[in-house]
Structure formats: C-alpha cells, structure tokens
2 protein chains.
Amino acid sequence: MPVAATRGASSTRERILDAAESLFIEHGYAATSLRAITTAADVNLAAAHYHFGSKFDLLAAVFHRRIEPVERGRLEALDALERQEAPFSVRDVVYAFLSPMYGAEADDLLDVLPDLIGRIYAEPESLTKPLLEGEFSGVAGRYLTALGQALPDVPPAELRWRFHFTIGAMIQLLRFRAPLGLTAERADFVGSLDRLVDYVVAGLEQERTS
Amino acid sequence: MPVAATRGASSTRERILDAAESLFIEHGYAATSLRAITTAADVNLAAAHYHFGSKFDLLAAVFHRRIEPVERGRLEALDALERQEAPFSVRDVVYAFLSPMYGAEADDLLDVLPDLIGRIYAEPESLTKPLLEGEFSGVAGRYLTALGQALPDVPPAELRWRFHFTIGAMIQLLRFRAPLGLTAERADFVGSLDRLVDYVVAGLEQERTS
DNA sequence: GCTAAATTTAAACGGTCGTTTGAATGAATC
DNA sequence: GATTCATTCAAACGACCGTTTAAATTTAGC
C-alpha cells in the first residue's frame, strides 16, 4: 500500500520520472513501455507501479512536475499585470502568458518543457483531455478575461477563436521548434519566442487595413 | 478482374482502409492493433499484411488516400492564381491553400480529413516525418514562393517562420475544431475556416501599427 | 471444366505488454 | 535485539502484439 513518504524525496521516484519523461517525449506514451522506463532508470520494473500506481498515473506525474511551475508563473505574471494601474495591451498579456519561458530561471525549464508540452498535446485526446483539463483549466479562463479587457471591442466568442489559434501557433513552435529548412539552436529559442509574439499579437488584434 | 462493384459491398482493401482510418483517428497509431482493424473491417487478420505489407505501410496508404486529392487541389489553385495577370494578395494565397476544404466537392472530404490530418500531425516525429515529407514536400515550397511574391519586403527566413505558425494555427483548428467552451457544428466548419483566414492573414502580414 | 493465379482463412510463431505476487531487504522504533 | 513497515526484488501472470505459414477457397484465362 502506497504510504506518503513525505520525507526526503526517493531517488527511485525521481529516476523513474526522469526516464519516463525523456522516453515519453521521444516515442510517445503508447510506444513507451514501463520496462523501457525502469530499465533506463535502473530500477526494478515493479517500482513504477509501487510509486505511481499505473502507467497513466506516471504520465500524469511527469506532466504535473513540469507544468505546475509554468502555470503558477503565468498566474503570477497576470496578477502583476492586473495590479498595475495603466491599462495593459494585448502584447502585455501575451508576454505574461509566455513569461515562464522567458525568465532567467527558465534555463533548466527550457531543456525539457517545450518537448514535453508538445508531446502531450500530440497524444490522443482520450489521454490528454484529463491531463489538460486538470492542469490548464483555471489559467485559460483568466487569460481570456484579460484579453477581453485589452480588446474590449471584440466579442467574447470571437476572442476565444483567436486565442484558440494562438495556442496552435505556440504548440507548433514547441513541437517542431523551427520551420522545415531552418535550424534553431537552443540559444535561439528566445528569438523564436519573439517571432511568435509578433505573429500572435497581429492575429489577436487583427487591425485590418484593407 | 474486380468489376466496379462500387455499390454496397466494398473490397477487402477498402474495408481495411476505412476501418484503419477511423481507428487511427480515434486512438492513434501505436494504440491501434491490426486485430482491432481487421475485426472492425470484418476481414481476416492476415489480409492486412497481404494487401499492405506492414502496419506502417497501411498507415501510409490511409494517409495517402485522403491527402493526395488535397495536395493536388492546392497545386491547381495555386496554378490558377499564378496564371491570372493581376498580382495576388496574401489572402489569395491563404485561400488557395485552404481551397480543398472550401469547395463543393469537399463535402465528403470534410467528414474525415480534418481529424486524420490532425491525428497524423500528432504522432511521434519518427512516424510522421516519412509520411509528411513524402506528401507535403513540393506543395510547401511552392506556397512559400507565392507568399514571398505577395510579401516582397519580408525576408525569406522570416517568412518561413510566419508560415510555420500559420500551419500551427491550422492544425489547431483541424485537431480540436472549436476552442474549449465553444461548440462547432459540422456546418460551421466553413465559418471556422473564415476565422482562421482572418487570423493567419493578420499574422502573415503583420502590419504593425504601434 | 481445367488449370493457375489471386485471395482468404485458421492457426501458430516468438515477443512484449501492464500488472501482480510474495519474499528479501533496509532502516527506524521500541 | 526484536518488531515494524516502507521499499526493492525476481519471477510469473494472462493478454495482446505484429508477423508468418501453409492450406483452403475463390477467381480468371483458356
């Protein structure tokens, strides 16, 4: 019976999480076996079930470990934006949403997060839906509200669509990094983020000139 | 020889393709077994290997059957655009790219295509890369050239990025149809496409006003 | 109608899968 | 030192996997 070992983190647990993370990213969930995970982690096969209960719960734990700080950072950035007195722009909101990937402490985060989010989004909906709803539910709503304040003339339904496409452009960057035929060095990722911001701000604002 | 028995009973080959298509869409490639496919198709298990050689080749056949008409339509629409004498706009190019999903004959296409493309794009790269390169290689290059003519002041590398994000927004629509909290009826898909066009044209042109 | 090729069939191949078991190990408590 | 309990371990469970085989059946050509 799993009893919460709140004491020092078990290194077995962490090694399983690390190995599962990199293998899930590379081959996807269904194509990654617990045997491959526990072998890479150099732990016994049964340890995975002992610590996580099931393969799906292991995936959820892998996802939560990385996404929780990002979601917290997004909420804090939005809090800070809303506390300031001057009205904020669409660009401000977009920057707040991407702030966890810009910050200095994002250095170790960027090693894994983009690939992981990209992979999770790529799994069949039956797998991802419980994960995404659990992790993203609150944040999306708050950012939609903020976007509505920055774009008061855009109907809410229309705004949801534009936010929808924005997520798509972001996922495309996270999954494939660079367009076909272009290489993106690890150091260029912030530059890629800047390009993403320009693109999605234009799409969100849609200041048609023609 | 197989007389055109197009009505009622379809061939073993087609029944396998149909069953594989819907199961791949629903559960993904790795999570779908050949036994599930051949059972749903009501054919013998070995028939899948007899007609297609391997599970991967079956996936390629499923993909090719649907994507080939789309790619052909995209090339024809671009041909028509380039034949006309007046210079074309970014919006013209985007419409040409999406034209196979607008046309009247797209009615039966829209039943499956969005889900299938979305699912293919969601598979691990090791699976999708051989498929996408085989099917999409030529079309992407020609559309990049056309976009460059419509946006002569944008450097080619920058244009590739914007096209990259555009694909992402399109995939997001194909995969999830509507944003969370909004429902999109089957008949609304053309309306969703119009919203997508507005969004990506703004992102591609990026006529910054601030 | 016979023959030969094309297709379908049942059965099995060797492996890998997620999960479970029960005993061995380790560390802390009394 | 004995007890307790969380953790690790080797081993096995039944199930399902993709693929192959060889015989049975259907189809087409003559």
Side-chain angles (χ1 to χ4, degrees), chain A residues 1-63 123-124 126-128 130-131, chain B residues 1-63 123-124 126-128 130-131:
Chain A
M1 307 304 162
V3 176
T6 53
R7 246 177 21 85
S10 158
S11 88
T12 295
R13 239 188 96 96
E14 282 173 356
R15 288 222 303 284
I16 293 175
L17 282 174
D18 289 340
E21 182 176 74
S22 75
L23 288 174
F24 282 155
I25 286 174
E26 191 170 4
H27 303 114
Y29 175 78
T32 300
S33 69
L34 286 175
R35 282 171 176 80
I37 292 170
T38 51
T39 297
D42 197 32
V43 302
N44 189 272
L45 167 64
H49 289 92
Y50 177 78
H51 286 284
F52 299 99
S54 73
K55 187 185 178 185
F56 177 82
D57 290 336
L58 172 57
L59 173 68
V62 165
F63 188 49
E123 293 291 343
S126 53
L127 249 186
T128 60
L131 289 182
Chain B
M1 66 164 58
V3 187
T6 52
R7 188 149 323 274
S10 49
S11 70
T12 297
R13 231 189 105 94
E14 283 171 350
R15 289 223 303 285
I16 293 175
L17 281 174
D18 290 339
E21 182 176 75
S22 75
L23 288 173
F24 283 154
I25 286 174
E26 191 171 4
H27 303 114
Y29 175 78
T32 300
S33 69
L34 287 175
R35 282 171 175 79
I37 291 171
T38 51
T39 297
D42 198 32
V43 302
N44 188 271
L45 167 62
H49 289 93
Y50 177 78
H51 286 283
F52 299 99
S54 73
K55 186 183 178 185
F56 177 81
D57 290 335
L58 171 57
L59 173 68
V62 165
F63 188 48
E123 293 291 342
S126 53
L127 249 185
T128 59
L131 289 183

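Every chain is numbered from 1 and lettered A, B, ... according to where its sequence line falls, protein lines coming before strand lines. Side chains included, hydrogens not; waters and symmetry mates left out as well; all remaining heavy atoms used.
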Check nucleotides 22-26 of chain C against the protein and report each pair of N or O atoms closer than 3.5 Å, with its distance, or say if there are none.
none

Query raised in the report: What's the CG-P distance between L45(A) and dT7(D), to the nearest Å?
Result: 18 Å
Query raised in the report: Out of dA10(D), dT8(C), dA6(D), which has the shortest distance to the side chain of Y50(A)?
Result: dA6(D)
Query raised in the report: Atom CD1 of I16(A) to atom C1' of dT8(D): distance rounded to whole Å?
Result: 11 Å
Report task. Whole angstrom is fine here: how far is it from CG in L59(A) over to C1' in dG18(C)? Result -> 15 Å
Report task. Check DNA chain D against residues 23-41 of chain A and give the residues with a non-hydrogen atom under 4.0 Å, in numerical order. Result -> R35(A)
Requested in this report: Would you indicate whether the side-chain heavy atoms of I37(B) and L45(B) approach each other to under 4.5 Å?
Outcome: no
Report task. Name all residues meeting the side chain to side chain contact (heavy atoms under 4.5 Å, CB included) criterion together with I25(B); count only those two or more places apart in sequence or in a different chain, and write none if there are none. Result -> E21(B), V112(B), D115(B), L116(B)
Query raised in the report: Can you name the salt bridge (Lys or Arg N to Asp or Glu O under 4.0 Å) partners of D18(A), sequence neighbours left out?
Result: R65(A)
Query raised in the report: Looking only at side-chain N and O atoms, does T12(A) come under 4.0 Å of OP1 or OP2 in dT8(D)?
Result: yes
Query raised in the report: Under the salt bridge (charged side-chain N to carboxylate O under 4.0 Å, His left out) rule, what pairs show up with a residue in residues 48-57 of chain B, not counting sequence neighbours?
Result: none
Requested in this report: For S126(A), check side chain to side chain donor-acceptor pair (under 3.5 Å) against everything at least two apart and list the hits.
Outcome: none
Query raised in the report: With sequence neighbours excluded, what pairs up with T39(A) under the side chain to side chain donor-acceptor pair (under 3.5 Å) test?
Result: none
Query raised in the report: Within less than 4.0 Å of OP1 or OP2 of dT7(D), is there a side-chain N or O belonging to N44(A)?
Result: no
Query raised in the report: Are any of H51(B)'s side-chain N or O atoms less than 4.0 Å away from OP1 or OP2 of dT8(C)?
Result: yes
Requested in this report: Please report, rounded to the nearest Å, how far the C1' atom of dG18(D) is from the CG atom of D57(B).
Outcome: 13 Å
Query raised in the report: Please give, in whole Å, the distance from dT7(D) C1' to E14(A) CD?
Result: 16 Å
**Report entry** Euclidean distance, atom NE2 of residue H49(A) to atom P of dA12(D) [Å, nearest integer]
**Finding:** 19 Å
Requested in this report: Apply side chain to side chain contact (heavy atoms under 4.5 Å, CB included) to A46(B) and list each qualifying residue two or more places apart in sequence or on a separate chain.
Outcome: N44(B)
Report summary line: All heavy atoms of L23(B) vs all of A36(B), minimum pair found to be CD1-O, 3.6 Å
Query - Within residues 33-58 of chain B or reaching into it, pairs that qualify as ring-ring contact (aromatic ring centres under 6.0 Å, His included) - sequence neighbours excluded - result: none
